[in-house]
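First up is the structure itself, then whatever we jot down about it.
Every heavy atom of this structure was used, including side-chain atoms; hydrogens, water molecules and symmetry mates were not.
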Amino acid sequence: MRIVLTVLGVLAALVAVAAVMIRRLDHDAGVWHVDPLTAPKPSTPNSYRVAPADAAVDADAVAPTFDVSADVLAVRFDRIARDTGSVDVVGGSPESGFVTYVQTSGLFAFPDYISVRFIEIDATSSTLAVFSRSRLGQSDLGVNKKRVTAWLDELG
């Protein structure tokens, strides 16, 4: 019984140390603030990208067109992203038309990075490119796709 309790105590300590280390990761804009239209696809299957149909990038889905200017689209997208919870800006800004967010999971605070470029089509319509990817792990269990799909659905 004593060995079992010792092993459980060591495991609990390792989990606690891992949780603290993950929460203290640096979200360096120089590394994570990447253009969703040119960033290479990660070697692990833990990303999801949406881009315009004519984009020269390997996208998982085609971005919709919105009947608003890119500036308005950026403000709306930013509100939706920040209202989701546990979302901060890593680099850029909605006003610049190019922004990267980090969203962390609840318990361990695993970081996912979401880079977005807002693209003006004409004075009354726009589209966007979104590249959401996990920093840690081999699989994201579909989290990046669910996040991007939910945010785009909310944009309407």
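- In the hydrophobic clustering of this structure, Val72 groups with Val116; members are Ile, Leu, Val, Met, Phe, Trp, Tyr whose side-chain heavy atoms approach within less than 4.5 Å, directly or through other members.
- A side-chain donor-acceptor contact under 3.5 Å links Arg49 to the backbone of Pro36.
- A heavy-atom distance below 4.5 Å is not found between the side chains of Phe118 and Ser96.
- For the atom pair CD (Gln138) and OG (Ser43), the distance works out to 7.5 Å, reported to the nearest 0.5 Å.
- Within the model, atoms CZ of Arg82 and CZ of Phe77 stand 11.5 Å from one another, a figure rounded to the nearest 0.5 Å.
- Side chain of Ser115 to main chain of Val34: a donor-acceptor pair is present (N/O by atom type, distance under 3.5 Å, no hydrogens or angles).
- When all heavy atoms of Pro94 and Ala74 are compared, the closest pair comes out as O-CB, 3.4 Å.
- Looking at every heavy atom in both residues, Val148 comes nearest to Ser132 through CG2-CB, 3.6 Å.
- Arg117 is listed as a side-chain neighbour of Ile119, based on a closest heavy-atom distance under 4.5 Å.
- In this structure, Leu73 CG and Ser126 OG are separated by 4.0 Å, a value rounded to the nearest 0.5 Å.
- Shortest non-hydrogen contact noted between Pro111 and Val102 is CB-CG2, 3.8 Å.
- Looking at Thr84, its side chain does come within 3.5 Å of a backbone N or O of Ile80 through a donor-acceptor pair.
- With Ser139 contributing its side chain and Leu141 its backbone, the two residues share a donor-acceptor pair below 3.5 Å.
- Using a 3.5 Å distance cut-off with no hydrogens or angles, the side chains of Asp78 and Tyr101 do pair a donor with an acceptor.
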So Asp112 and Arg147, salt bridge (charged side-chain N to carboxylate O under 4.0 Å, His left out) or not? Walk me through it. CA-CA 10 Å; Asp112 289 346; Arg147 174 189 306 111; 2.6 Å; yes
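- Two residues are said to be in side-chain contact when any heavy atoms from C-beta on lie closer than 4.5 Å; Val68 and Thr124 fail this criterion.
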Could you please spell out the steps behind the side-chain contact (heavy atoms from CB on, under 4.5 Å) verdict for Val143 and Tyr48? CA-CA 9 Å; Val143 170; Tyr48 187 75; over 6 Å; no
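- Val87 and Leu152 fall within a single hydrophobic cluster, where Ile, Leu, Val, Met, Phe, Trp and Tyr side chains are chained together by heavy-atom contacts under 4.5 Å.
- Between Arg135 and Phe110, the closest side-chain pair of non-hydrogen atoms is not below 4.5 Å.
- Residues Val50 and Leu128 fail the side-chain proximity criterion, which asks for heavy atoms closer than 4.5 Å.
- To the nearest 0.5 Å, atom CG of residue Asp140 and atom OG of residue Ser134 are 4.5 Å apart.
- Contact check for Leu37 versus Pro52: side-chain heavy atoms found under the 4.5 Å cut-off.
- Residues Phe66 and Leu155 have side chains in contact (heavy-atom distance under 4.5 Å, counting atoms from C-beta outward).
- Residues Phe131 and Tyr113 are members of separate hydrophobic clusters, defined by side-chain heavy-atom contacts under 4.5 angstrom among Ile, Leu, Val, Met, Phe, Trp and Tyr.
- Asn46 and Thr44 form a side-chain donor-acceptor contact under 3.5 Å, judged by distance and modelled atom types alone.
- A salt bridge links Asp60 and Lys41; the closest N-O separation between the charged side-chain nitrogens and carboxylate oxygens is under 4.0 Å.
- When ring centroids are compared, His33 and Phe98 come within the 6.0 Å threshold.
- Remark: Thr100 OG1 to Trp32 CH2 distance equals 10.5 Å, nearest 0.5 Å.
- No donor-acceptor pair closer than 3.5 Å links the side chain of Gln103 to the backbone N or O of Ser86.
- Residues Val130 and Trp151 fall within the same hydrophobic cluster, defined by Ile, Leu, Val, Met, Phe, Trp and Tyr side chains chained together at heavy-atom separations under 4.5 Å.
- To the nearest 0.5 Å, atom CZ of residue Arg76 and atom CG of residue Asp71 are 12.0 Å apart.
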